[in-house]
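Just below is one structure, and these are the notes that go with it.
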Protein chains: 2
Amino acid sequence: MLNPTAVTRSSNRSAGNAERAAGFPARGNRGAVTVREAARTAARCSSCSMRQICMPQGLSAQELPKLETLICSARSVPRGEALYRSGDRFDSIYALRSGSMKTVMVHRDGREQVTGLRLAGEPLGLDGISADVHACSAVALEDSTVCIVPYGALKLLCREIGSIQERMHKLLGAQIVTEAAQMMVLGSLSADERVAAFLLDVSQRNAQRGYSWSEFNLRMTREDMGSYLGMTLETVSRTLSRFQKRGLIDTQGKHVRIVDLEGLRQV
Amino acid sequence: MLNPTAVTRSSNRSAGNAERAAGFPARGNRGAVTVREAARTAARCSSCSMRQICMPQGLSAQELPKLETLICSARSVPRGEALYRSGDRFDSIYALRSGSMKTVMVHRDGREQVTGLRLAGEPLGLDGISADVHACSAVALEDSTVCIVPYGALKLLCREIGSIQERMHKLLGAQIVTEAAQMMVLGSLSADERVAAFLLDVSQRNAQRGYSWSEFNLRMTREDMGSYLGMTLETVSRTLSRFQKRGLIDTQGKHVRIVDLEGLRQV
DNA sequence: CGGTGGCTTGACGTCGATCAAGACATGTGG
DNA sequence: CCACATGTCTTGATCGACGTCAAGCCACCG
């Protein structure tokens with residue numbers, strides 16, 4: 001399951017744009033890694049996509065090399081293309097290194113709904129674990145890159161290293177909670193409240209990754225947002241316009257600036 | 001983390017009503033368990049709540065005793081009471097042995113929404129893994145009993161026994177997929193479609209557990225159903241009445257009989 | 001340049017929420 | 001046993017939030 005050549009590939013890749021964007025350190029000096037260095041690396045990796053999964057923090061020196069066998073290969077996904085599709089066999093999970101993606105589920109009658117938005121640093125593909133087949137499709141909202149984490153290898157590593165097992169469980173658990181919260185949004189909130197909740201969610205996740213909470217690009221179309229929020233694109237558009245008139249936000253197209261955070265929190 | 005006294009408690013408990021209902025075998029003869037017996041036990045346990053978690057199938061003889069250290073204690077929860085509440089510290093997951101429960105999430109403004117329905121045999125408490133604090137409350141819809149599975153012990157066992165780790169991952173993954181499907185229901189379906197989908201879901205889960213797919217008691221109130229499906233209790237009631245007039249179902253109060261399964265599938 | 005996809009805004013219709021009343025079941029105390 | 005309160009369910013009447021349909025604008029791109 002482990003793929004040693006992939007490590008080499010990863011190490012040899014030069015730090016391109018995507019690399020910088022995600023804050024990845026160069027990873028050529030494998031033998032010389034110390035615990036202290038690892039800690040520093042982890043700090044530099046505040047927006048690093050592997051942070052959620054690999055969690056270098058708290059690992060002993062001899063555990064780190066094992067960890068490296070996991071970070072196998074990367075893959076870039078052009079805007080509009082699918083990282084995986086509903087029905088594909090599941091064999092890896094992914095860490096979004098740069099860009100953003102949506103996850104989409106299709107009803108048997110063909111209707112499709114956006115079930116999630118993933119920003120850089122967030123995991124993808126967990127929907128495949130239960131049935132060995134992906135339940136959703138993951139589509140890039142912009143040119144994106146992912147780390148590929150072979151599930152088989154990850155499982156083995158979970159058994160060897162408790163902190164990785166822990167992180168894996170928390171990752172899965174976090175998605176469960178996130179989705180429950182979204183069920184709450186869809187089931188209980190008005191259109192205005194849904195849009196506000198969505199903007200606040202993205203804002204907060206941006207902040208967590210060290211970016212601006214007040215200003216960002218929403219790569220989703222109005223239609224995607226509507227689908228995700230259980231409403232039509234027209235209602236999304238109207239709601240955003242109304243928010244703007246009320247002085248809560250400032251939008252032009254996909255660019256959003258949050259003007260009155262507290263106002264947005266109060267519906 | 002393991003609690004040996006709990007095992008004793010469990011072993012000493014006599015097989016009461018709840019015990020029979022869930023099809024649990026007596027568990028006094030620990031030393032004498034053989035693989036063959038375990039297989040038979042697993043078969044008898046088709047509706048057993050531990051089946052999802054413990055998965056005796058496929059374990060070797062020396063693994064079984066370890067397994068038994070996990071099945072620790074039981075707890076009964078009277079109708080209307082909470083197994084755990086949102087905000088409680090997380091330290092165990094649960095397997096619903098008999099009865100049924102709802103999971104409820106509360107918005108900060110006080111509005112609350114039913115986020116899940118659990119029938120006998122299904123897991124509970126996974127919402128606590130990510131933050132070590134429960135994100136939902138679990139409330140019994142009728143007098144119910146659960147198995148308590150200490151999470152710390154379960155984690156250790158996952159590292160020892162691959163098949164348990166596998167089962168744990170699948171359990172978490174299944175909840176992710178289930179919730180995504182419910183997001184789809186809430187986001188894309190009409191009121192009629194939601195109610196139909198809900199009835200079909202319960203019917204199918206009943207069938208899976210060896211009960212009738214065509215006839216069952218919904219312990220939820222109309223209000224609970226409405227909350228779960230993102231609509232008001234009046235709309236739920238009207239929809240059920242209309243289904244009845246159309247000859248799709250036959251309901252009186254909480255008792256539901258599905259008359260025309262195919263018709264129900266077609267909205 | 002025309003074509004296309006995305007966004008906005010308006011007019012109108014409808015599905016489901018809200019308000020209200022009454023039926024029915026269940027439980028509790030007298 | 002009844003009287004009464006309480007919770008649940010059903011059904012009707014009305015209203016409003018949001019969907020639908022339609023038109024026009026803009027940015028982008030071949």
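FYI, side chains are in, hydrogens and waters are out, and symmetry mates aren't considered; it's all heavy atoms of this structure.
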By side-chain hydrogen bond (donor to acceptor under 3.5 Å, both in side chains), which residues pair with [X], not counting sequence neighbours?
X: Glu81(B); result: none
X: Ser188(A); result: Gln113(B)
X: Thr115(B); result: Thr103(B)

Q: Quick one: list whatever passes side-chain contact (heavy atoms from CB on, under 4.5 Å) with Ser214(A), sequence neighbours left out.
A: Ser212(A)

Q: Could you tell me which residues satisfy side-chain contact (heavy atoms from CB on, under 4.5 Å) with Ala180(A), sequence neighbours excluded, listed by chain and number?
A: Met105(B), Glu179(B)

Identify each atom pair where a protein N or O and an N or O of nucleotides 27-29 of chain D are less than 3.5 Å apart, giving names and distance.
none

Would you mind checking if [Y] and [X] are paired as a salt bridge, meaning a charged N to carboxylate O distance below 4.0 Å?
X: Asp143(A); Y: Arg79(A); result: no
X: Arg111(A); Y: Glu193(B); result: yes
X: Asp91(B); Y: Arg89(B); result: yes

Any side-chain donor near an acceptor of the partner, [X] and [Y], under 3.5 Å:
X: Asp127(A); Y: His134(A); value: yes
X: Ser100(B); Y: Glu142(B); value: yes
X: Ser76(A); Y: Thr145(A); value: no

Q | Euclidean distance, atom CG of residue Leu229(B) to atom P of dG16(C) [Å, nearest integer] | A | 12 Å

Q. Rounding to a whole Å, what distance do you find between Arg242(B):CZ and dC15(C):P?
A. 10 Å

Q: For the helix from dC1(C)-dG30(D) to dG30(C)-dC1(D), figure out the bend between the end axes, five pairs an end, and round to 10 degrees.
A: 30°

**Q.** Close residues, residues 184-199 of chain B, relative to DNA chain D [heavy-atom separation under 4.0 Å]
**A.** none

Q.
Categorize Gly230(A) for me: base, sugar-phosphate, or nothing, with a 4.0 angstrom heavy-atom threshold over every strand shown.
A. sugar-phosphate

Q | Shortest non-hydrogen separation from Leu171(B) to Leu126(B) and the atoms involved | A | O-CD1, 4.1 Å

(Q) Testing the basics here: between Leu96(A) and Met101(A), what is the closest heavy-atom pair and its distance to 0.1 Å? (A) CD2-N, 3.9 Å

Q. Looking at residues 100-118 of chain A, who's got a heavy atom less than 4.0 Å off DNA chain C?
A. none

Q) Among pairs that include at least one residue of residues 231-243 of chain B, which meet salt bridge (charged side-chain N to carboxylate O under 4.0 Å, His left out), considering only residues two or more places apart or in two chains? A) Asp192(B)-Arg242(B)

Check the interface with nucleotides 6-12 of chain D: list each N/O to N/O pair with the protein under 3.5 Å, or write none.
unit_1	atom_1	unit_2	atom_2	d
dC9(D)	OP1	Lys254(B)	NZ	2.8
dC9(D)	OP2	Arg222(B)	N	2.8
dT10(D)	OP1	Arg222(B)	NH2	3.4
dT10(D)	OP2	Arg222(B)	NE	2.7
dT10(D)	OP2	Arg222(B)	NH2	3.4
dT10(D)	OP2	Ser237(B)	OG	2.9
dT10(D)	O5'	Ser237(B)	OG	3.2
dT11(D)	OP2	Ser241(B)	OG	2.5
dG12(D)	N7	Arg238(B)	NH1	2.8
dG12(D)	O6	Arg238(B)	NH2	3.2

Q. Of all residues at least two apart in sequence or in a different chain, which pass the ring-ring contact (aromatic ring centres under 6.0 Å, His included) check with Phe198(B)?
A. Tyr228(B)

